[in-house]
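Order of the sequence lines fixes the chain letters, A, B, ..., with proteins taken first and strands second; residue numbering starts at 1 for each chain. All values below were derived from every heavy atom in this structure, side-chain atoms included, with hydrogens, water molecules and symmetry-related copies excluded.
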2 protein chains.
Amino acid sequence: MALRYPERVASGSNPETPTRRPTLEMVAKEAGVTRSTVSRVINAERDVSAATVELVNQAIERLGYVPNRAARSLASSRSMAVALIVPERAEWFLDDPHLVALMAGASRRLEQSEYVLTLIAGSPDPQGKTMRYLSSGAVDGGLIASHHDQHSYLQTLHRSMPVVFGGRPAAGNEEGSHFVDVDNAAAARLAAEHLLSLGRSRIGMITGPEDMRSVVDRYDGWRAAVAEAGLPVDAVEHADFTGAGAVRATRRLLERAPDLDGLFVANDIMANAAITVLQQSGRAVPADVAVVGFDNSTAATVGPVPLTTIDQPSIDMGWRMADALLRILAGEEVPTGITLPTELVVRDSA
Amino acid sequence: MALRYPERVASGSNPETPTRRPTLEMVAKEAGVTRSTVSRVINAERDVSAATVELVNQAIERLGYVPNRAARSLASSRSMAVALIVPERAEWFLDDPHLVALMAGASRRLEQSEYVLTLIAGSPDPQGKTMRYLSSGAVDGGLIASHHDQHSYLQTLHRSMPVVFGGRPAAGNEEGSHFVDVDNAAAARLAAEHLLSLGRSRIGMITGPEDMRSVVDRYDGWRAAVAEAGLPVDAVEHADFTGAGAVRATRRLLERAPDLDGLFVANDIMANAAITVLQQSGRAVPADVAVVGFDNSTAATVGPVPLTTIDQPSIDMGWRMADALLRILAGEEVPTGITLPTELVVRDSA
DNA sequence: CTGAAAGCGCTTACAG
DNA sequence: CTGAAAGCGCTTACAG
């Protein structure tokens, strides 16, 4: 048998004496108590005398003991891990700072807990590895980011374990699902009204994939505000939240609505791309076309024109998602939906 | 006792009959064989008759059996998980597409394996949760991204489990450490030589944190090329790989070297920020100052000027890191260092 | 090719 | 406040 790493020889030590991780048993012996007692100390249960706690802790220290996660998990049927599920191909991250921010926020919250984060990226095959993993008891709960409506199988997940969605789940599957979201419709209305207040009268929108709830909500909010102002709402193009997609969408839009003077774009990355296309077509931003983005991500300040955009507290959303999940796992009552505020951040583009 | 989730009542089923995950035992009974045999089938060992395999697989199917990870891990002393360790505060991700790309690449490689990815972000306290986690047997190996030299404790990690670094580890600790890297010095030389070939004669550099090996290598490469051309190498400022930091660094640089006509910046994000500052100071890019970035990340095409930059195959690096680790875990011999090629991508900024 | 048995390292009622 | 014992759900030599 090939030597397995955990039993590997520590460098410099006797090759005949493989290092072995200390166990509960060894700590118990060292401290002169039973395994039960050591276990209680480790799990910070009360009802252990201060003297014993001290004794055990010293033994733990002396041996450099760290509890074995697998054994703990097996005995307690809790894994102390949660999954961050991103049902997109992993490269998607590169084009979506919002997703990265969700992850960063969740990670930050989890750091302060005993739980660890398992990253599940890639478009999941409902029958495949991902779903099997999630059913294997490997995680105690899930955080789901950027789900599309067709990923409805993800929504059955909350029957087997607690789950918190980033963004409201698709309509019709909402019972029992927890989520953290912003009011996308209201935020989009804010953006549209800002463009209207600037006197713009031919206002377009570049939106995202139609199967995402947040996308639909942003469109609805934009549309309502523009329609209420008595203006046409036909200057709309769909894109995929990437810069490349937005370049194409903006070109299509300009062909159909060359008189465009205001534009709301569903995220900052796409807004930057749109501005570049507008400039290439000889239009100045914001003089000829005023542009409002969405996210207030790092992209908002590194593009061709500093973006006026909707600030979405993405990091905080991730933090709240993890926080809600931890509370649920701790048995607390948690409100089903948490809606975080957005605000308009005015820079140069509108 | 509060009802635990895994034992929760399936919606619609009899409240008196909590659903319980099927076990190996149950599959064995269902198939009319022993646990040993089922285990062999699951682990795809040979030496099981085709008929038995069929029988067992049907039972697994019928019961919807998924092996319990914790039990498996405990019995086999392998967790089938690897850690991606990012020794930075989690928000760092937001400013570093390279890091995100490493993660995406690693995630993609791991998807095709039986292993899962645990994300460990946050500046690690050597005594703290992270190191305890890594010693708990919870992961079989580690991928370490963006390590600074002072994180030398991470380098002791490879004594207890296989580890692959993204970027060469600090000098003096290299024995036995696997890594995937690009030749940063050669790449930086490429950038400097491009600026020289453009006839630039006052070439500066904005570099990153001095405690990172890749940063030092990039500086060395730039310096060597510029010095060989007989030009001064004093126009250098350090920054922190963020846009905000680069803004300050560029301002400092312009005060000291107002005659700057060429600039090499250690990543694209900072290059975009530098260009903005240059433009604000009345300098045209590339006419007055030619700028070369590093990474060829998504930032390269969304900034104020499309960047001429060094293409670093970040996604591929992540993929290779994971691939190397998987091979090591499979017992294969893997070269200690893997160096990936870079190339100059010429756009508008230089 | 398959089975019986021990064991992985913990937690958890149950006693006392 | 502490111990003895069973059990969590697998894998792994060892026999045959």
Side-chain angles (χ1 to χ4, degrees), chain A residues 1-2 4 6-7 18 20-56 59-60 63-80 114 132 135-138 140, chain B residues 1-2 4 6-7 18 20-56 59-60 63-80 114 132 135-138 140:
Chain A
M1 182 186 97
R4 234 183 275 116
E7 304 172 3
R20 248 208 148 77
R21 250 191 265 292
T23 67
L24 238 206
E25 184 82 58
M26 296 164 66
V27 174
K29 184 169 299 178
E30 176 83 11
V33 296
T34 59
R35 298 204 304 268
S36 318
T37 301
V38 177
S39 178
R40 288 187 192 103
V41 172
I42 287 169
N43 293 297
E45 287 172 24
R46 54 179 114 246
D47 298 335
V48 183
S49 76
T52 305
V53 169
E54 181 59 20
L55 220 56
V56 171
I60 288 175
L63 266 39
Y65 170 71
V66 177
N68 177 303
R69 278 220 159 212
R72 224 171 170 178
S73 171
L74 178 57
S76 67
S77 58
R78 295 187 312 153
S79 66
M80 299 308 281
E114 286 298 306
R132 283 216 315 283
S135 327
S136 70
D140 295 333
Chain B
M1 183 188 97
R4 235 183 273 115
E7 303 171 5
R20 246 205 150 80
R21 252 191 264 291
T23 67
L24 237 206
E25 184 82 58
M26 296 165 67
V27 173
K29 184 169 299 175
E30 177 84 10
V33 297
T34 59
R35 298 205 303 269
S36 318
T37 300
V38 177
S39 177
R40 289 187 191 104
V41 172
I42 287 169
N43 293 297
E45 288 171 23
R46 54 180 113 246
D47 297 338
V48 184
S49 75
T52 306
V53 169
E54 181 59 19
L55 220 55
V56 171
I60 288 175
L63 265 40
Y65 170 71
V66 177
N68 177 302
R69 279 220 159 212
R72 226 173 169 176
S73 171
L74 178 57
S76 67
S77 59
R78 295 188 311 154
S79 66
M80 298 309 280
E114 285 299 306
R132 283 215 317 283
S135 326
S136 69
D140 295 332

Separation of A:Met80 CE from A:Arg72 CZ (nearest 0.5 Å): 7.5 Å
Contact under 4.0 Å: B:Ser49 side-chain N or O vs C:dT2 OP1/OP2: yes
B:Thr37 side chain near C:dG3 phosphate (N/O to OP1/OP2, under 4.0 Å): yes
Phosphate OP1/OP2 of C:dT11 contacted by A:Asn43 side-chain N/O (<4.0 Å): yes
Any strand: nucleotide that pairs with C:dA13 via Watson-Crick or wobble, under 3.5 Å: none
A:Tyr65 side-chain proximity, nearest of D:dC14, C:dC10, D:dT11: C:dC10
Minimum-distance nucleotide (side-chain atoms of B:Ala75 versus D:dT11, C:dC10, C:dA4): D:dT11
A:Ser76 side-chain N/O to C:dT11 phosphate OP1/OP2 under 4.0 Å: no
Side-chain N,O (B:Ser39) to OP1/OP2 (D:dT11) below 4.0 Å: yes
Euclidean distance, A:Thr34 OG1 relative to A:Glu25 CD, rounded to 0.5 Å: 9.5 Å
Toward the 5' end of DNA chain C, by each residue's nearest nucleotide, B:Thr52 or B:Ala71: B:Thr52
Residues which pass side chain to side chain contact (heavy atoms under 4.5 Å, CB included) with A:Thr52, listed by chain and number, not counting sequence neighbours: A:Val33, A:Thr37, A:Val48, A:Ser49, A:Val56
5′-ward residue of the pair B:Asp47/A:Glu25 relative to DNA chain C: B:Asp47
Strand partner of C:dA4, provided both Watson-Crick or wobble distances fall under 3.5 Å: none
Sugar-phosphate, base or nothing in reach of B:Arg69, heavy atoms under 4.0 Å: nothing
Under-4.0 Å side-chain N/O to phosphate OP1/OP2 contact, A:Ser36 with D:dT2: no
Spacing of CG belonging to B:Leu55 relative to CD belonging to B:Glu30, to within rounding of 0.5 Å: 9.5 Å
